[in-house]
Enquirer: 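Pasting a structure here, questions to come.
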Amino acid sequence: MEPKGPDDGQVHKVPMTSAQPARDRTALAWPWGLVAIGVMALAWVGIYLIWNGVVFLFN
């Protein structure tokens with residue numbers, strides 16, 4: 001069986017799309033790694049304070 005047209009047997013390239021236009025992005029790029037470290041530090045402080053509160057109540 002032969003191809004009917006010149007494009008039948010060819011692989012078509014899909015146009016690449018950009019992730020997001022530059023104007024839609026926020027003006028300030030957040031350092032998400034530092035934000036995550038800060039959240040984890042606050043969680044550790046909270047756990048420490050809750051643990052000390054429990055120990056204080058049962059002593």
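Residue numbers start at 1 and run along the sequence shown. What you see is a predicted model, and the numbers here were worked out from it, not measured in a lab.
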Enquirer: Give the other cluster members for M40, using side-chain heavy-atom distances under 4.5 Å between Ile, Leu, Val, Met, Phe, Trp and Tyr residues; answer none if it is isolated.
Expert: I37

Enquirer: With sequence neighbours excluded, tell me which residues meet side-chain contact (heavy atoms from CB on, under 4.5 Å) with W44.
Expert: none

Enquirer: For the hydrophobic clusters of this structure (ILVMFWY residues joined by side-chain heavy atoms under 4.5 Å, transitively), does one cluster hold both V45 and Y48?
Expert: yes

